[in-house]
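Presented below is the structure to which this report refers.
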Amino acid sequence: MKGPREEIVYLPCIYRSTGINKPDYLATVDVDPKSPSYSQVIHRLPMPNVNDELHHSGWNTCSSCYGDSSKVRNKLILPCLISSRIYVVDVGSDPRAPRIHKTVEPYEVFWKCGLANPHTSHCLGCGEIMISSLGDPCGNGKGGFVLLDGETFEVKGNWEVEGESAQFGYDFWYQPRHNVMISTEWGAPKAFALGFKMEDVQAGHYGHSLNVWDWTEHRLVQTIDLGKDGLIPLEIRFLHNPDADQGLVGCALSSSIFRFYKEKDGKWAAEKVIQVPSKKVEGWPMPEMPGLITDILISLDDRFLYFSNWLHGDIRQYDITDTRNPKLVGQIFLGGSIQRGGPVTVLEDKELECQPDPVTVKGKIIPGGPQMIQLSLDGKRIYVTSSLYSIWDKQFYPDLLKEGAVMLQIDVDTKKGGLKLNPNFLVDFGKEPDGPVLAHEIRYPGGDCTSDIWI
């Protein structure tokens with residue numbers, strides 16, 4: 001937390017589903033207020049293929065390798081959600097102008113692991129790289145894990161013992177001092193790949209469980225069913241303290257936060273600690289609109305939880321000093337589907353007295369809703385982008401494909417709580433050279449509170 005302020009960030013930009021037949025690319029954005037190119041894209045690294053759907057990213061090495069002087073954080077791992085490629089990007093030779101180092105082709109993931117649709121990438125203390133998968137090569141749900149060699153980036157095989165995959169996959173976090181890794185569930189790729197349908201949830205094509213793994217034996221030892229209050233659990237975060245035996249997970253469709261924790265008998269359990277009420281609406285495909293919690297993070301000092309409601313359009317800050325009783329201390333609206341003057345009318349709202357106004361930054365009315373969030377190491381700044389996944393963007397925010405995503409910055413009150421928009425920061429991805437593009441997850445060159453695990 002006492003490290004230097006961030007000067008640049010990396011984020012994937014996606015053209016798939018936009019109607020523009022161009023490769024996705026990795027954008028480098030200047031976030032140094034003292035720089036003449038502040039709040040601008042200063043470099044674009046196009047991928048060698050089209051329709052990859054870049055999504056999340058991770059590092060070749062991180063804080064889990066602390067103390068090993070031979071390890072250098074100089075390669076960014078970019079799994080592709082749809083093509084199942086994995087790009088390894090050299091950010092060490094020139095951090096402001098990354099270059100492709102290696103491409104892992106889909107057949108290597110298919111043939112060596114029986115997996116597809118890679119998502120979350122974490123480095124391990126042993127030097128290997130572990131990537132979660134969402135499915136098998138046929139588009140069915142399958143929660144397994146791909147292992148890459150940390151030096152050659154060759155596919156080594158599966159992390160999990162043969163036959164031990166979960167029904168669905170998505171995110172994961174490990175805590176070696178408790179010999180545990182816990183993974184989450186989105187859904188079957190052939191269900192979500194074509195757009196969201198409530199019938200697919202009812203048919204069991206989306207997840208609602210946490211999967212508990214024995215970290216040393218690589219076995220699935222427990223499944224915690226979160227039920228109807230925990231539909232589509234996505235981002236999972238243990239507290240950063242490596243001794244901690246608890247954490248939080250955001251359940252997108254149920255718009256809830258569950259606390260998971262270790263019981264006295266060594267088993268793991270979960271309890272709901274936050275519920276964002278749905279809003280009764282008209283002018284929208286369904287009579288009730290969920291918040292849709294799509295990203296969460298915990299500050300490095302384990303004091304605050306932040307999450308985004310992509311559909312309602314707000315980011316929230318909670319004091320989690322008592323993880324069983326989080327307290328809302330900050331909230332800000334940045335677009336969303338319920339803003340005043342839009343096509344949706346809110347008929348009943350348990351939280352707001354009126355619909356929020358549209359947000360304008362540097363003369364641009366912000367399209368879409370807040371989605372991916374990243375916190376500065378000192379906890380004083382949040383960066384936010386507005387794209388979730390290209391097909392779902394097209395379904396829920398069709399104007400986003402025409403106008404492009406945005407990247408915004410929020411100032412955080414770390415003493416009393418509170419969120420305030422920085423009016424001087426806007427990256428307008430609607431003005432990119434090849435046309436409007438969708439921007440997703442944000443990474444700092446030196447690691448951040450969602451990339452690094454301490455052991």
**Request:** Count the heavy atoms of every other residue, nucleotide or ligand shown that sit under 6.0 Å from NZ of Lys431, and state whether that count exceeds 12.
**Result:** no

**Request:** For residues Tyr389 and Phe196, establish whether the separation of their ring centroids is below 6.0 Å.
**Result:** no

**Item:** Shortest non-hydrogen contact from Ala191 toward His205
**Value:** CB-CB, 3.9 Å

**Prompt:** For atom NZ of Lys272, is the number of surrounding heavy atoms from other residues, nucleotides or ligands below 6.0 Å larger than 12?
**Reply:** yes

**Item:** Thr294 vs Gln371, side-chain hydrogen bond (donor to acceptor under 3.5 Å, both in side chains): CA-CA, chis, key distance, verdict
**Value:** CA-CA 6 Å; Thr294 49; Gln371 208 286 104; 2.8 Å; yes

**Asked** Under the side-chain contact (heavy atoms from CB on, under 4.5 Å) criterion, do Arg381 and Arg5 qualify, and how do the steps go?
**Response** CA-CA 10 Å; Arg381 291 167 301 284; Arg5 176 175 172 143; 3.4 Å; yes

**Within 6.0 angstrom of Lys262 NZ, more than 12 heavy atoms from elsewhere** = yes

**Message:** Ignoring hydrogens, what is the shortest heavy-atom contact between Glu403 and Pro367? Give both atom names and the distance.
**Reply:** OE1-CB, 3.7 Å

**Prompt:** Between Asn49 and Tyr87, does a side-chain hydrogen bond (donor to acceptor under 3.5 Å, both in side chains) hold up when you go through it step by step?
**Reply:** CA-CA 11 Å; Asn49 302 280; Tyr87 295 111; 2.8 Å; yes

**Asked** Between His122 and Trp173, is the ring centre distance below 6.0 Å?
**Response** yes

**Asked** How about Lys71: does its NZ atom have over 12 heavy atoms from other parts shown lying under 6.0 Å from it?
**Response** yes

**Message:** Can you list everything that forms a side chain to side chain donor-acceptor pair (under 3.5 Å) with Tyr15? Sequence neighbours excluded, please.
**Reply:** none

**Request:** Taking all non-hydrogen atoms of both residues into account, name the closest pair between Gly187 and Phe192 and its distance.
**Result:** O-CE2, 3.4 Å

**Request:** Could you walk me through whether Met407 and Val31 pass the side-chain contact (heavy atoms from CB on, under 4.5 Å) test, one step at a time?
**Result:** CA-CA 11 Å; Met407 179 177 169; Val31 294; 4.2 Å; yes

**Message:** Just checking Glu263: does its CD atom have more than 12 heavy atoms from other residues, nucleotides or ligands closer to it than 6.0 angstrom?
**Reply:** yes

**Message:** Ring of Tyr318, cation from Arg316 - is the NZ or CZ under 6.0 Å from the centre and inside 45° of the axis?
**Reply:** no

**Prompt:** Glu235 and Tyr170: side-chain donor and acceptor closer than 3.5 Å?
**Reply:** yes

